[in-house]
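Down below is the structure, laid out as structure tokens.
Proteins get letters first, then strands, A, B, ... in listed order; numbering begins at 1 in each.
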Amino acid sequence: EPEVTQTPSHQVTQMGQEVILRCVPISNHLYFYWYRQILGQKVEFLVSFYNNEISEKSEIFDDQFSVERPDGSNFTLKIRSTKLEDSAMYFCASSEIADTQYFGPGTRLTVL
Amino acid sequence: GESVGLHLPTLSVQEGDNSIINCAYSNSASDYFIWYKQESGKGPQFIIDIRSNMDKRQGQRVTVLLNKTVKHLSLQIAATQPGDSAVYFCAETPITDKLIFGTGTRLQVFP
């Protein structure tokens with residue numbers, strides 16, 4: 001069964017450093033998303049992406065965040081200058097026709 | 001505003017019993033609802049979905065009920081098994097396709 005994959009599974013970084021989280025969505029899906037989950041809290045929407053552009057973004061997704069689909073298979077989330085409060089699980093999701101979203105296993109980001 | 005909330009933070013059931021997990025939503029414009037299961041250290045796993053033009057949908061051992069009058073969603077798990085132990089989230093999509101998640105209910109299954 002096809003699934004969304006994410007790398008790395010755990011990323012540790014120093015405050016102020018740039019990080020890139022990588023995702024490989026399900027191959028025939030056209031809609032891509034990033035969500036985050038701070039420990040013990042609910043999953044929060046960050047951004048949606050379709051046709052090589054951002055469809056919608058939350059207020060969390062400020063100028064420090066960016067997304068990119070550099071090739072036909074990868075979807076990345078970049079945080080330019082990480083802050084302590086960026087520590088969370090980051091989930092990538094994809095869907096075929098903007099309905100059911102399938103999630104990856106997540107990347108745990110720890111900012112020290 | 002947009003909010004999805006769960007009534008019970010923890011539900012404990014005996015193996016073999018049926019489980020009912022509830023969720024309240026506040027956005028009447030939401031037209032699509034999904035239940036996700038999240039095991040420790042893993043991403044949300046799709047369980048079942050329902051559109052607003054339906055009030056009931058059944059899957060394998062799971063049933064989702066939607067009551068639009070009172071903005072209530074429930075997930076019923078038949079013959080609950082130890083492998084069902086996880087946190088369950090309901091999520092809604094008001095107007096756009098972004099998911100708004102509830103706070104989650106932890107289901108504990110005892111032998």
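When atom types are taken as modelled, the side chain of A/Ser87 and the backbone of A/Val111 share a donor-acceptor pair closer than 3.5 angstrom.
Under the 4.5 Å side-chain contact rule for hydrophobic residues, B/Phe89 and A/Leu46 do not share a cluster. Cluster annotation: A/Phe91 is not connected to A/Leu77 through the hydrophobic network of ILVMFWY side chains, with a link wherever side-chain heavy atoms come within less than 4.5 Å.
Only the side chain of A/Glu56 comes within contact range of chain B, with at least one heavy atom under 4.5 Å from a heavy atom of that chain.
Residues of residues 39-62 of chain B having a heavy atom under 4.5 Å from any heavy atom of chain A, listed by number: B/Gly41, B/Lys42, B/Gly43, B/Pro44, B/Phe46, B/Asp49, B/Arg51.
Contact tally against chain B (heavy-atom pairs below 4.5 Å) for A/Gly104, A/Gly106, A/Pro105: the top residue is A/Pro105.
In this structure, A/Phe49 and A/Arg69 have side chains that are in contact, with non-hydrogen atoms separated by less than 4.5 Å.
Applying the side-chain hydrogen bond (donor to acceptor under 3.5 Å, both in side chains) test to pairs two or more places apart or on separate chains, those with a residue in residues 3-24 of chain A are A/His10-A/Thr110.
If you look at A/Tyr33 and A/Phe45, their ring centroids are not closer than 6.0 Å.
The heavy-atom pair separating B/Asp84 from B/Leu107 by the smallest distance is O-CD2, 3.6 Å.
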